[in-house]
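Everything on this sheet refers to the single structure shown next.
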Amino acid sequence: MEAIRVEGLSKTFQVKRKEKGMRGSLKAILHPQVEKIRAVDNVTFSVREGEILAFIGPNGAGKSTTIKMMTGILYPDGGNVEVLGIDPVKRRRRLAYEIGTVFGQKEQLWTHLTPYDNLKFFGAIYDIPDRESEKRIREIAELFELGAFINTPVRSLSLGQRIRCEIAASLIHRPRVLFLDEPTIGLDPVVKENIRTLIKRMNTELNTTIFLTSHDTGDIEKLCRRIIIINSGKVVLDDSMEHLKYNVSDTPLENIIMEIYKSQGKGEAV
Amino acid sequence: MKKYTVIYRSVLMENLQYTANVAMGFVSYFVFIFIFIQLWNYIYDDPRQLIAGYTKEQMIWYVMITETLWFGTRAAAVSSQAATDIRGGNIAYQINKPYHYALYLLSRYTGEWSVRLPMYALLSAVIGFALVGGLPGFGLLTLLAVIPSVVMGITIHAVFKLSISFFSFWIEDSNPFQWLYDKLLLVVGTLFPIEIFPEALQPLFRLTPIYTVCYGPAKLIIDFSVEKWVEILIAQLLYLAAGCALMFFIYGKGVKRLYVNGG
């Protein structure tokens, strides 16, 4: 069964442009210039339930914009999206119960509260009864090994501990699809490996569909069975990891990806 | 509704850790009130004199109550939080949760003022009783009757502030509009009662949020009457309904234009 179906998805942003210096600033007031940038351009793909997919591309390729349209945060200009059969534009709050999101560079946790209080909070937000919420917190704390710092305010945690809590908070409502936008950014190799193990366990034990964006080829190689490369808002490759490696077996994945980026020209999308 | 109560409770827990920070703001409140007490003491020659229908005690208490509301309900949740979330991209986390973002901010705000306002009210009561004396006719029953009007006034204020905040979906910074609204409320609504302004302007002020946000609750505290209470509550209900409609409309239109950059 398809967990995600994306057809002809497009999004254009209008970005203000200004010439340099004071003269440019004054000119921008009288004659504002707006440039249209096609961040996502007719993107089509689908993801099967239980799949771990790497959705990668250079900075500004349109990865995050695509994720934000799939989660109902941004409204597409064209095309269709369905996540678990739900249209994110029309039924964003309904979809919220079925999906989880982790944006590696953003915070969803309440930093003055402890991980336990945060998990309780998110449990209530997702309408989980108290007793069930307690049970899930115990399970998640065990899975993510949060026990040692579950009662320490989030602001006092290390980055690695915080990211573990961020992912844990996204799982309290047992989402069927998890969107991970650079979850291992800024983490040291040991913590990265721990996070990868957790993602893998979520996938195998809970059959969670994982939609992952990352610049770390380690994440992609160790977790994903399929890879989609996006550049300048367009899908330039959609292939299985096995096939990709089989074709160019001597070349490290990082070099293969680099070659694909270069051959397509680096994107300028938002 | 339960989830908004949970948001409120979480903010309350968070803010209870920072009561010392709130107390730091007492200094500017005290200086402000002290200046006004001296000013009205100077203006009122005779203790029995009435200005615009207010005794000296009523006039000073009016300023103290409206300033308590002003200082005790100032919070980022309704003035700059939306703009910060939109600019920083954190809105991505807020609007894909199963709650309404506007109501989430409103719950946050209620949690914030629930800690600040009682602290300012207590300080105000101490200063008032020490420097001005008690309010004739004010008792526990008046206080209980006025609480719904105070809460409604603060909520109306929040709804209008949030409506302005949501302009951030279109423009980069809604602060200039916030500034205009705040100054209008501060100068016209909190420093003097409406009756002190020229008669020609009074009907106009009664149509602005000033009437329901600060004048109404303060007037009820210093000069309570059932007729006035009913009149103000009806005006507040109408204003709250109109304000909510405006807020949801602006949010609904704005969120479709959301532009989140930087990954």
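None of these values were measured; they are calculated from a predicted model. Residue numbering restarts at 1 for every chain, and letters A, B, ... go by the order of the sequence lines.
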Open item on the list: One pair to check against side-chain contact (heavy atoms from CB on, under 4.5 Å): A/D117 and B/S10. What are the steps and the verdict?
Closed with: CA-CA 8 Å; A/D117 287 335; B/S10 300; over 6 Å; no

Task: Under 4.5 Å from any heavy atom of chain A - which part of B/Y101 - done: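 Nothing of B/Y101, per the 4.5 Å heavy-atom cut-off to chain A.
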
Task: chain A contact via B/K256 - side chain, backbone, both or neither, heavy atoms under 4.5 Å - done: both

TODO: Determine the option with the most heavy-atom pairs under 4.5 angstrom with chain A, choosing from B/R9, B/K2, B/Q17.
DONE: B/Q17

Open item on the list: Do A/Q108 and B/Q94 have side chains that approach each other closer than 4.5 Å (heavy atoms only, starting at C-beta)?
Closed with: no

Open item on the list: If you define the side chain from C-beta out and look only at heavy atoms, does anything of B/Y99 sit under 4.5 Å from A/R93?
Closed with: no

If you count heavy atoms of other groups shown closer than 6.0 angstrom to [atom1] of [X], is the number above 12?
X	atom1	value
B/F34	CZ	no
B/K183	NZ	yes
B/F177	CZ	no
B/W170	CH2	yes

Task: Rounded distance (nearest 0.5 Å) linking atom CD1 of A/I73 with atom CG of B/L258 - done: 8.0 Å

TODO: Measure the spacing between CG of A/L74 and CD1 of B/I91 and express it to the nearest 0.5 Å.
DONE: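 Rounded to the nearest 0.5 Å, the CG-CD1 separation comes out at 10.5 Å.
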
Task: Side chain, backbone, both or neither of A/E98 within contact of chain B (heavy atoms, under 4.5 Å) - done: neither

Task: Region of A/V102 in contact with chain B, defined by heavy-atom distances below 4.5 Å - done: both

TODO: Take B/V255 and A/Y75, measure what side-chain contact (heavy atoms from CB on, under 4.5 Å) needs, and give me the verdict at the end.
DONE: CA-CA 9 Å; B/V255 78; A/Y75 283 60; 4.1 Å; yes

TODO: Would you please test A/F121 and B/M13 for side-chain contact (heavy atoms from CB on, under 4.5 Å) and show each step?
DONE: CA-CA 12 Å; A/F121 170 79; B/M13 277 160 63; over 6 Å; no

Task: Exam field: side chain A/R92 to backbone B/N96, donor-acceptor pair closer than 3.5 Å - done: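 Flag not set: sc A/R92 to bb B/N96 has no pair under 3.5 Å.
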
TODO: Could you tell me whether a side-chain N or O of A/Y126 sits under 3.5 Å from a main-chain N or O of B/K97, the two making a donor and an acceptor?
DONE: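 No.
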
Open item on the list: Minimum heavy-atom separation for B/P98 and A/A96, please, with both atom names.
Closed with: N-CB, 3.7 Å

Task: Verdict with reasoning, A/W110 to B/I7, per side-chain contact (heavy atoms from CB on, under 4.5 Å) - done: CA-CA 11 Å; A/W110 293 49; B/I7 295 166; 4.1 Å; yes

Open item on the list: Taking B/K3 first and then A/D127, would you say they form a salt bridge - that is, a charged N and a carboxylate O separated by under 4.0 Å?
Closed with: yes

